[in-house]
Amino acid sequence: MASGKGGTGKTTVSVNLAKVSTSPVQLLDCDVEEPNAHLFLKGVLQCREVVTMPVPEVNAALCDGCGACSAICEYNAIAALPDGALVFEELCHGCGGCTLVCPRKAITEKGRRIGEVEVIESGHITLVQGRIDVGVAMAPPVIRAVKERLDGERMGILDAPPGTSCPVIATIKGTDLVILITEPTPFGLNDLKLAVDMVRELAIPFGVVINRVGVGDDRVHSFCRETGVPILMEIPDDRRIAEAYSRGELMVDALPEYRALFEQLMQRVQEFWNSVRRLNHADLRV
Amino acid sequence: MPAIKHRYKEKDMKVAFTTSGESLESPLDSRFGRAPKILVYDLDTKTFDIIDNTQNLKAPQGAGIQAAQNVARTGAKHLVTGHCGPKAFKVLNAAGIAIYTTDASSISIALDRFCAGSLTPAHAADVEEHWV
């Protein structure tokens, strides 16, 4: 579940879709800067693990200040001085380049804590949520730690952060289907176009969910029609949906008349998933 | 963080200035990390060299860190600039380089102030990261 624009309903669609599933699902909250899916699910915390990323540690006794580490660092995270090197952990992206190029083997890697992953069981839903530490600016390693929990047995629903930058790419990379949630407003359309370009670049099949239908205009619908983007679901603009959301209630529970919408979406997703699996099996036979 | 051993040399009499030009009459650039050039003045020979710092103008982060390494490589033990952020300060400090901030409009004015002893070394960064 992704979107260019924020606040279009990624979490709403994710949690409600997970809820109507008739088989066990994994729900991954990859919006690690502000995970919120847990607000809608009552569950039991199963485990909490610390996420770390590798950062260099320089052995001053071995370092001769040659500067190879600093020269390869794309992020200026390591400064080489005539008599040693200084590491700025908060700038490091953990690529390991400095450790590899150090001719004196003076650099080793240590783990720097950047966040946590929690697993919460809520009925047939296993919620995995990442939470980045305050002050840390690098979400992708936390998102990857969340995705490592995917078991491949159950359907996994990934709630992405908004936008089209690295954290979103880290979330949708490797998925079978991307659902782009948007709204029929000029902002929604502008950011939908960016998101469509992003997903096309990654060559992942995708469809669109239009939320708050009734506000704005029909340009999102026209765009989808003209560019051949399938509209998988439309959610009407209904104040009661926002009211239920503000109370932390699931739409499919508070407003049962919308349950069928999500059941249809789940059916379409499952049909898609089955066709992908058939394709994969066909590939294997060849 | 590893402890940095300082190697002070008595004969080091070089002073670095941030600038956008290439002469002593050029303006002193108030930015440290993103100043286009660094002028390194030798107090003994009364000559100077120009170091290019333009690769840092495009850096999304760590411009001060990179510029501080550039200064350290010249052997200068004094730096005169307008402002200095926390990361650059840390690197310069580790390299044993004294930092002086001034509002002098040109390098020659800043140099006069330095030689007259009217500039005092800074004990901490005077601006936040990415202050410009």
Side-chain angles (χ1 to χ4, degrees), chain A residues 53-95 97-99 101-114 134-140 165-167, chain B residues 1-12 14 16 31-35 38 40 51-79 84-99 125 128-130:
Chain A
M53 65 179 283
V55 294
E57 190 166 38
V58 183
N59 182 338
L62 293 176
C63 174
D64 64 357
C66 75
C69 54
S70 166
I72 200 174
C73 184
E74 196 66 23
Y75 302 98
N76 293 328
I78 188 161
L81 298 170
D83 295 307
L86 270 181
V87 176
F88 290 85
E89 291 185 359
E90 67 274 33
L91 300 185
C92 176
H93 284 226
C95 75
C98 54
T99 311
V101 299
C102 179
R104 295 177 64 94
K105 306 270 173 264
I107 305 179
T108 49
E109 289 181 340
K110 63 171 182 178
R112 172 192 176 219
R113 190 199 142 107
I114 53 169
V134 171
V136 176
M138 230 164 299
S165 63
C166 298
Chain B
M1 188 188 310
I4 305 286
K5 298 175 295 257
H6 300 310
R7 200 191 286 151
Y8 293 104
K9 295 183 193 124
E10 298 294 336
K11 61 183 172 59
D12 273 339
K14 287 180 182 171
R31 303 162 304 173
F32 172 59
R34 293 177 200 275
I38 294 162
V40 183
I51 308 297
D52 186 60
N53 193 48
T54 46
Q55 93 272 11
N56 280 337
L57 301 188
K58 294 194 300 262
Q61 62 176 26
I65 296 170
Q66 201 63 46
Q69 287 181 88
N70 290 344
V71 173
R73 249 178 244 128
T74 68
K77 288 295 169 200
H78 307 276
L79 166 73
C84 181
K87 293 197 180 74
F89 189 90
K90 205 166 155 184
V91 177
L92 293 164
N93 201 33
I97 298 166
I99 303 143
E128 295 286 308
E129 280 124 302
H130 305 268

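So you know, we letter chains A, B, ... as the sequences are listed, proteins then strands, and number each from 1. Everything numeric here is computed off the predicted structure, so don't read it as measured data.
Of the residues considered (Lys87(B), Arg73(B), Gln66(B)), Lys87(B) shows the highest number of contacts with chain A, using heavy-atom pairs under 4.5 Å.
Residues of residues 64-77 of chain A lying under 4.5 angstrom from chain B, judged on non-hydrogen atoms, are Ser70(A), Tyr75(A), Asn76(A) by number.
Within the 4.5 Å cutoff, no side-chain heavy atoms of Gln61(B) are placed close to those of Glu90(A).
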Q: Applying side chain to side chain contact (heavy atoms under 4.5 Å, CB included), run through Leu91(A) and Ile65(B) and close with a yes or a no.
A: CA-CA 11 Å; Leu91(A) 300 185; Ile65(B) 296 170; 3.5 Å; yes
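Of all heavy-atom pairs spanning Val91(B) and Leu86(A), the tightest one is CA-CD1, 3.6 Å.
Judged by distance alone, with hydrogens and angles left aside, the side-chain atoms of Gln69(B) form a donor-acceptor pair with the main-chain N or O of Ala80(A) at under 3.5 Å.
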